[in-house]
Participant: 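To start, I am sharing the structure in question, which I have written as structure tokens.
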Amino acid sequence: DEEQFPDAEELMEIMSNVHLNTNFQSLARELDIMEPKVPEDIYKSHLENVRPYGPTNVDSARQNLAASFVNGFVNCAFGNDKLLAENGNKWLYKNKEHGMMSATASLGLILLWDVDGGLTQIDKYLYSSE
């Protein structure tokens, strides 16, 4: 009933979160937090006292896996990052098995809520056998 509920279509869009990505991006621009971050920005490893001896090195597979997760969460829904945007497939293929799947999932987090542009970027990974 258009006469009874004149704003029904607008209310349905609001309840369906149709404009969620647009509103999130607008808020991020307003807060000036659109600059993509890298995992090292979060780790703040340059502040640690590193001992040159002992088993302090974590194997690279775990480092890559951790970096993929951190990258996904810190750039979640911003649509851009420095790790996958610049290195793209190189970063994905540095990982193996679960790491590769996690890196692809990280890309999905970065493109969260972007139905228009995000699906085209991640679509090629949906049909990959790896």
Side-chain angles (χ1 to χ4, degrees):
D1 286 323
E2 188 67 33
E3 295 168 8
Q4 190 176 6
F5 301 107
D7 298 330
E9 188 174 326
E10 184 179 353
L11 288 172
M12 285 302 292
E13 286 181 359
I14 291 169
M15 290 188 300
S16 301
N17 287 326
V18 171
H19 304 290
L20 185 61
N21 185 51
T22 308
N23 293 337
F24 180 82
Q25 296 280 330
S26 296
L27 178 64
R29 270 190 289 286
E30 192 173 312
L31 295 173
D32 195 27
I33 56 172
M34 289 295 292
E35 181 68 29
K37 294 165 190 64
V38 291
E40 286 75 25
D41 294 343
I42 305 305
Y43 297 153
K44 308 249 189 257
S45 56
H46 64 279
L47 299 175
E48 292 179 0
N49 284 335
V50 179
R51 293 179 291 173
Y53 56 89
T56 57
N57 292 340
V58 179
D59 68 336
S60 65
R62 286 186 187 201
Q63 285 178 332
N64 289 350
L65 183 62
S68 293
F69 281 118
V70 170
N71 184 60
F73 285 120
V74 78
N75 294 302
C76 185
F78 286 101
N80 197 6
D81 73 315
K82 290 184 178 177
L83 189 65
L84 290 169
E86 292 176 4
N87 297 332
N89 286 340
K90 285 183 192 175
W91 179 256
L92 288 175
Y93 292 108
K94 272 187 177 180
N95 296 283
K96 292 183 177 73
E97 298 175 13
H98 298 300
M100 190 179 290
M101 186 168 45
S102 296
T104 309
S106 169
L107 181 60
L109 273 172
I110 293 163
L111 300 170
L112 184 69
W113 302 322
D114 187 4
V115 181
D116 300 325
L119 186 58
T120 56
Q121 291 182 44
I122 204 162
D123 188 50
K124 61 185 169 191
Y125 301 111
L126 292 174
Y127 306 106
S128 176
S129 61
E130 298 177 279

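On a predicted model such as this, the values are computed, not experimentally measured, just so you know. For the single chain, residues carry numbers from 1 onward in sequence order.
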Participant: For the side chain of Asn64 and the backbone of Ala61, is there at least one donor-acceptor N/O pair under 3.5 Å apart?
Facilitator: no
Participant: Show the nearest heavy-atom pair for residues Leu83 and Asp81, with the distance to one decimal.
Facilitator: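 Closest heavy-atom pair between Leu83 and Asp81: N-OD2, 3.3 Å.
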Participant: So if you build clusters from Ile, Leu, Val, Met, Phe, Trp, Tyr with side-chain heavy-atom gaps below 4.5 Å, do Val38 and Tyr43 land together?
Facilitator: no
Participant: If hydrophobic clusters are built by linking Ile, Leu, Val, Met, Phe, Trp and Tyr wherever their side-chain heavy atoms come under 4.5 Å apart, do Phe73 and Leu84 end up in the same one?
Facilitator: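 Result: no, two separate clusters.
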Participant: Test question: given the 4.5 Å side-chain rule for I, L, V, M, F, W and Y, name all other residues clustered with Leu126, or answer none.
Facilitator: Tyr127
Participant: Partners of Asn75 by side chain to side chain donor-acceptor pair (under 3.5 Å), sequence neighbours excluded?
Facilitator: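 Side chain to side chain donor-acceptor pair (under 3.5 Å) list for Asn75, sorted by chain: Asn71.
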Participant: Got a sec, which pairs hit side chain to side chain donor-acceptor pair (under 3.5 Å) with one end in residues 16-37, sequence neighbours left out?
Facilitator: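 Sorted pair list: Glu13-His19.
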Participant: Please determine whether residues Leu27 and Met34 belong to a single hydrophobic cluster, defined as Ile, Leu, Val, Met, Phe, Trp and Tyr linked transitively by side-chain heavy-atom distances below 4.5 Å.
Facilitator: yes
Participant: Indicate if Ile14 and Val115 have the same hydrophobic cluster label, given that clusters are the connected sets of ILVMFWY residues with side-chain heavy-atom separations under 4.5 angstrom.
Facilitator: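 Ile14 and Val115: separate clusters.
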Participant: Identify all side-chain donor-acceptor contacts of residues 99-111 below 3.5 Å with residues at least two apart in sequence or on another chain.
Facilitator:
unit_1	atom_1	unit_2	atom_2	d
Ser102	OG	His98	O	2.9
Thr104	OG1	Met100	O	2.9
Ser106	OG	Ser68	O	3.0
Ser106	OG	Gly72	N	3.2

Participant: State which residues pass ring-ring contact (aromatic ring centres under 6.0 Å, His included) with Phe78; sequence neighbours excluded, sorted by chain then number.
Facilitator: Phe24
Participant: For Met12, I'd like to know if atom CE has over 12 heavy atoms of other residues, nucleotides or ligands within 6.0 Å.
Facilitator: no
